[in-house]
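Quick notes on the structure that follows.
Everything numeric in this text was worked out from a predicted model, so none of it was measured.
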Amino acid sequence: MPIRVLSDVLVARIAAGEVVERPAAAVKELLENALDAGAHEVRIETQEGGKRLIRVTDDGEGIRAEEVARAFVHHATSKLEDIDDLQQIRTLGFRGEALASIAAVSQVTCLTRHVDEKAGTLLRIDNGRITIQEPQGRPAGTTMSVEYLFGKVPARLKFLKSDQTERGYIDAMVMRYALAYPTVRFTAVHDGRMSLQTTGSGALHDVLVEVFGANVAEQMAPVGDVVTTEGGGLDFDARAGTRVRGYAALPGASHGNRSKIMLFVNGRPVQDTRLTFAVVQAYHTLLMVGRYPIAVVLVDVPPDQIDVNVHPAKTEVRFRDADGVFSAVQRTVRAALLAHMQPPEPPSVFQRAAVGEFAVPAPAVGDSGHDESRIERRSESDPVGGVDRERQWQPPLAGSEAWDRVGISRHGSDRPAFQVPQSGAAAARQGNRLPALRILGQLAASYIIAEGPEGLYLIDQHASHERILYEKLLAQHDLGAVTSQALLDPLPVEVSLDGAAMLEERLSWLAELGFEVDGFGGNTFLVRSVPQMMQQDDIAAALREIVAELETGAEPMRAEIERRILRRVCKRMSIKAGRVLSFPEMQALVRDLEACESPRTCPHGRPTMVQIGVVQLEKEFGRT
Ligand code: ADP
Ligand code: MG
């Protein structure tokens, strides 16, 4: 065949395929035009899955009579003036291609009236040719009817699916715009049956109820500052930088594929594998394999930070700072999830322990006040979640790398909630500190089983409590502010004769350690007050430990002797092995341990925990 230049009509038909490949794509373009025209109400009607008819009616500003025909010319747009505008796109449309493309492959009837004009216009275009243009009345706004889409393009028609399937695509499209524009009232009617209607109340959550149903909507947690910026649409502030908001379903509600991860960039529904992945990553280890999040995530970036002119359908965007946007999405969604998830129910055995024989008195796990009531109170006063919820609930196992990437920082805290122990730069920065751990249970009434970023942790309850008490007492002592409690009945304690002499000399030291002790004659002493954390049962034993330490006499330095005394005292004070702990007790203990400078050893240098890494577990199970 000779080379020839194709006719305009043929060119238009070929080009149309890029923009409108199926009815839902035409719906998308018509919706965008309605929204760009400032509509408050948009009605979508279809017949036969949009193949027979698509009609979009809006109450936007309308098209001026003299411009109606021009709207259907290729590259005709009122939304771009010069090349610089391409950097600052604030409308959904800008290519001036949609109407021309649709009109090239269907019969379009446009009835429109501009707000400033008295008369409206009726324009008919039959597969690219204007057949009727005449004045006709209507309220301000526009109705675009598209009939027999691809009626003259059999190749395209052949690829369309059943009416029902095409209808599904259309509904999905309408839903997306309804989510992006909560202030607009959307109605979708297919073959006379209404399939979707939103209120236009402006509250995104109202749209969620319509789109996902009340059950799912109920389980969706606000992401970012969605509450204050629910206006939706092209709602961005160039100075604000990247902003992420929306709603994300808590792990209790999930979906079998990624189709319910809905992403919007500057009010524009987009398909973006990377951002989708960012959302999936935010749920890392929270969802079972094969389950996917349900989420509506609206990303707002200054318009000059994105290129929306990547694909004719404008469903792809390029970010200048793709990594920054990725991590903003992942971080914000994850933070929202952690803030709103309830702590896991402790297994019933622990619940029983908590209310039963071990409930009272609570062990003196420092003065940290990690009792349930306090946690409750805090979360109430902090409805958005924030710090304390995050501390209550900790995400389960994750590979350290992924964990590192999540890197959620607890606002107002000096250390991130998740730390990767002993790995690379993080370890250097954080030293010996512990990551946040999630408690799984207790083993042999002696070890707390917990899960952390690097795998399994078995924590020796006695040794760790020693560590916690030691650091607390030491800190108080170094500040010269050991809080001690006076005993109601001073406790007489008998010590060895040698020890009594040494004790007599050091009573002032002991006072600084929180022990107020008086001689009572002979080798008996009266203990009047003890460090606040100490329990009655331990007092006599602690004093004997002190004496035993003094008797060793090996260390001349006062500071060192004091430390040794403290270590011995803490050993006495700490929770014994063999004690069943309630879930809150374990939580308090582990939280306090996380706060320690050197959580991995007891004051005597023995390990407080055994850690089994994921890699090692995989080896043990022959997975590598
Ligand atoms: P684009 O949206 O990229 O500008 P379109 O081909 O979709 O290109 O539309 C061409 C022009 O027609 C728009 O720029 C707008 O001025 C006008 N237009 C289309 N639909 C509407 C509508 N529903 N209300 C008002 N004006 C419209
Ligand atoms: Mg358009």
Side-chain angles (χ1 to χ4, degrees), residues 251 280-291 330-331 334 337-338 341 343-347 350 390-410 415-465 467-468 577 581 583 585-602 605-624:
V280 172
Q281 278 293 95
Y283 284 77
H284 188 63
T285 70
L286 303 183
L287 287 178
M288 280 196 311
V289 175
R291 301 302 298 176
Q330 190 196 39
R331 236 184 310 114
R334 181 126 187 139
L337 295 174
L338 297 187
M341 284 173 72
E345 283 292 303
F350 297 117
E390 228 167 77
R391 280 186 71 80
Q392 283 179 69
W393 186 89
Q394 299 301 343
L397 195 69
S400 61
E401 192 206 345
W403 208 275
D404 213 1
R405 256 186 282 123
V406 172
I408 294 167
S409 74
R410 292 190 288 114
R415 68 191 179 103
F418 306 118
Q419 294 156 5
V420 181
Q422 322 290 22
S423 79
R429 244 189 357 263
Q430 302 299 340
N432 202 17
R433 293 234 182 194
L434 270 194
L437 301 176
R438 188 171 74 99
I439 293 154
L440 300 175
Q442 194 186 20
L443 176 72
S446 301
Y447 306 99
I448 296 168
I449 311 168
E451 180 179 38
E454 298 231 308
L456 178 72
Y457 292 72
L458 287 174
I459 299 165
D460 181 322
Q461 63 194 41
H462 172 70
S464 355
H465 197 204
R467 161 56 63 185
I468 292 162
L581 298 180
F583 206 82
E585 285 173 343
M586 289 191 282
Q587 263 176 331
L589 188 75
V590 171
R591 294 299 164 254
D592 283 351
L593 190 62
E594 285 166 21
C596 284
E597 295 289 348
S598 311
R600 290 164 195 281
T601 52
C602 83
R606 285 184 295 103
T608 54
M609 64 184 66
V610 172
Q611 186 186 326
I612 305 173
V614 180
V615 175
Q616 192 186 336
L617 282 174
E618 279 174 350
K619 245 186 242 152
E620 299 288 339
F621 286 105
R623 294 168 68 113
T624 49

OH (Tyr283) and CD (Gln330) are apart, to the nearest 0.5 Å, by 12.5 Å
I need the minimum non-hydrogen distance between Pro453 and Ala436, along with the two atoms involved. CD-O, 4.0 Å
Suppose we screen for side chain to side chain contact (heavy atoms under 4.5 Å, CB included). Which residues come up paired with Ser464, at least two apart in sequence or across chains? Ile459, Leu593, Thr608
Do Leu617 and Arg623 come within less than 4.5 Å of each other through their side chains, counting heavy atoms only? no
Can you confirm whether Ile612 sits close enough to Glu620 that some side-chain heavy atom of one is under 4.5 Å from a side-chain heavy atom of the other? no
About how many Å separate CD of Gln281 and CZ of Arg334, when rounded to the nearest 0.5 Å? 9.0 Å
Please give me the minimum heavy-atom distance between Tyr457 and Pro435, naming the atom from each residue. OH-CG, 3.5 Å
When rounded to the nearest 0.5 Å, the distance separating CD of Gln611 from CD of Gln616 is 9.5 Å
When rounded to the nearest 0.5 angstrom, what distance separates CG in Leu456 from CG in Leu437? 10.0 Å
Measuring from atom CG of Asp460 to atom CZ of Arg606, what distance do you get when rounded to the nearest 0.5 angstrom? 6.5 Å
Work out which heavy atom in Pro607 is nearest to a heavy atom in Ala463; give both atom names and the distance. O-CB, 4.0 Å
Between Arg467 (side chain) and Ser598 (backbone), is there a donor-acceptor pair under 3.5 Å? yes
Does any pair with a residue in residues 282-291 pass salt bridge (charged side-chain N to carboxylate O under 4.0 Å, His left out), and if so which ones, sequence neighbours excluded? none
Atom CD in Gln587, atom CG in Leu581: separation rounded to 0.5 Å? 12.0 Å
Quick one: does Ile439's side chain get under 4.5 Å of Ile449's, heavy atoms only? no
Check whether any side-chain heavy atom of Ile468 lies under 4.5 Å from a side-chain heavy atom of Cys596, and answer yes or no. yes
